[in-house]
Amino acid sequence: MKDTPRHQGLRNKLVQEIINKGISHPAVIEAIAKIPRHVFFESALESHAYQDKAFPIAAGQTISQPYTVAFQSELLDVKSGMKVLEIGTGSGYQTSVLIELGAQVYTIERQKVLFAKAKNKLRSLDYFPKYIGYGDGYKGLPTYAPFDRIIVTAAAPEIPEELIKQLKIGGKMVIPVGQETQKMFLIEKNDEGIRQTEHGMFRFVPMLKDKE
Ligand code: SAH
C-alpha cells in the first residue's frame with residue numbers, strides 16, 4: 001500500500017482532531033502525522049484508517065483508536081533511547097509510534113497470525129523493534145528486564161505483578177485496568193514501592209492468559 005499526498009492530507013486532519021481532544025506532546029503529534037496508519041489495515045477497511053476510531057484487524061482483535069495510542073504514548077513519557085516493553089503488538093501501529101519517539105522497543109503478541117503480520121509490516125516500513133516476539137505478555141520479558149517504560153495495550157483484569165517487577169526504579173507503566181470499560185492507570189515505581197494515578201476511561205480488547 002502506497003502513501004500518497006491524499007493520505008497525508010487525511011493524516012493532517014486526524015492530527016488536528018487529536019489535538020482538539022487534548023493531545024499536546026510534540027513528538028507524539030509528529031509521529032501520528034508521519035506514520036501511514038492505512039498500511040496497518042486490512043485492505044477492505046483501508047479507507048477508514050484516518051478516522052479516530054478502533055478497527056478490526058485479524059484474530060478478532062483491533063487496532064487501537066489513534067487518540068488512545070496518542071494518549072497512552074503521551075502519558076508514558078518516553079525519552080529517546082529508553083527501553084520500552086509493549087504488551088499487545090496487534091497491528092504494530094503503536095509499536096511504530098514508540099519507535100518514532102526514539103524508544104528501543106520490545107514487543108509481545110499472543111496471537112501468532114498478528115505477531116507474524118506485524119513483524120512483516122513493521123519491516124516493510126523500516127521500523128525495527130529490538131525484539132518482537134510471540135508470547136504471553138503476563139510473563140513480560142525477564143531476559144531483557146528491567147525496562148524504563150511498559151505499555152499494555154489490552155485490558156488487564158488487574159495490574160500484573162510480574163510486569164511491576166520488570167520495571168526499573170524510576171520507571172513508568174501505562175495500563176488499562178478493568179472488565180467492560182477500563183481505567184487508564186499510570187504506575188510509577190520508586191525505591192519505596194509504586195504510586196498509581198488514574199487517567200480516564202477507555203475500552204480495549206481483553207488481555208488474555210497464555211498464547212493462542
Ligand atoms: N497496540 C495494538 C493494539 C492491539 S489490541 C495496535 O495498535 O494495533 C491488543 C492486542 O493485545 C491484541 O492483538 C491481543 O491479541 C493482544 N494481547 C492480549 N492479551 C495478551 C497477552 N497476554 N500477551 C500479549 N498480547 C496480548
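For ligands, and for the atoms within them, numbers begin at 1 and follow the listed sequence.
Screening residues 68-98 for ring pair (Phe, Tyr, Trp, His ring centres under 6.0 Å) gives Phe40-Tyr93, Tyr67-Phe71, Phe71-Phe202 as the qualifying pairs, with residues at least two apart or on separate chains.
Put simply, CD1 on Ile87 and CD on Gln94 are 12.0 Å apart, with the number rounded to the nearest 0.5 Å. Distance check: Met173 CE to Leu75 CG gives 12.0 Å after rounding to the nearest 0.5 Å.
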Check: every ligand 1 N/O to protein N/O pair under 3.5 Å:
unit_1	atom_1	unit_2	atom_2	d
ligand 1	1 (N)	Gly88	O	3.2
ligand 1	1 (N)	Thr153	OG1	3.3
ligand 1	7 (O)	Gln94	N	3.4
ligand 1	8 (O)	Ser91	N	3.0
ligand 1	8 (O)	Ser91	OG	2.6
ligand 1	13 (O)	Glu109	OE1	2.8
ligand 1	13 (O)	Glu109	OE2	3.4
ligand 1	15 (O)	Glu109	OE2	2.6
ligand 1	19 (N)	Leu208	N	3.0
ligand 1	22 (N)	Asp136	OD1	3.0
ligand 1	22 (N)	Leu208	O	2.6
ligand 1	23 (N)	Gly137	N	2.7
ligand 1	25 (N)	Arg110	N	3.4

Where do Met82 and Lys79 land on the side-chain contact (heavy atoms from CB on, under 4.5 Å) test, with the steps shown first? CA-CA 6 Å; Met82 279 184 169; Lys79 308 256 176 7; 3.6 Å; yes

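Put simply, the side chain of His7 gets close to the backbone of Thr4: a donor and an acceptor are under 3.5 Å apart.
The existence of a salt bridge linking Asp3 and Lys34 is excluded, since no basic side-chain nitrogen approaches an acidic carboxylate oxygen closer than 4.0 Å.
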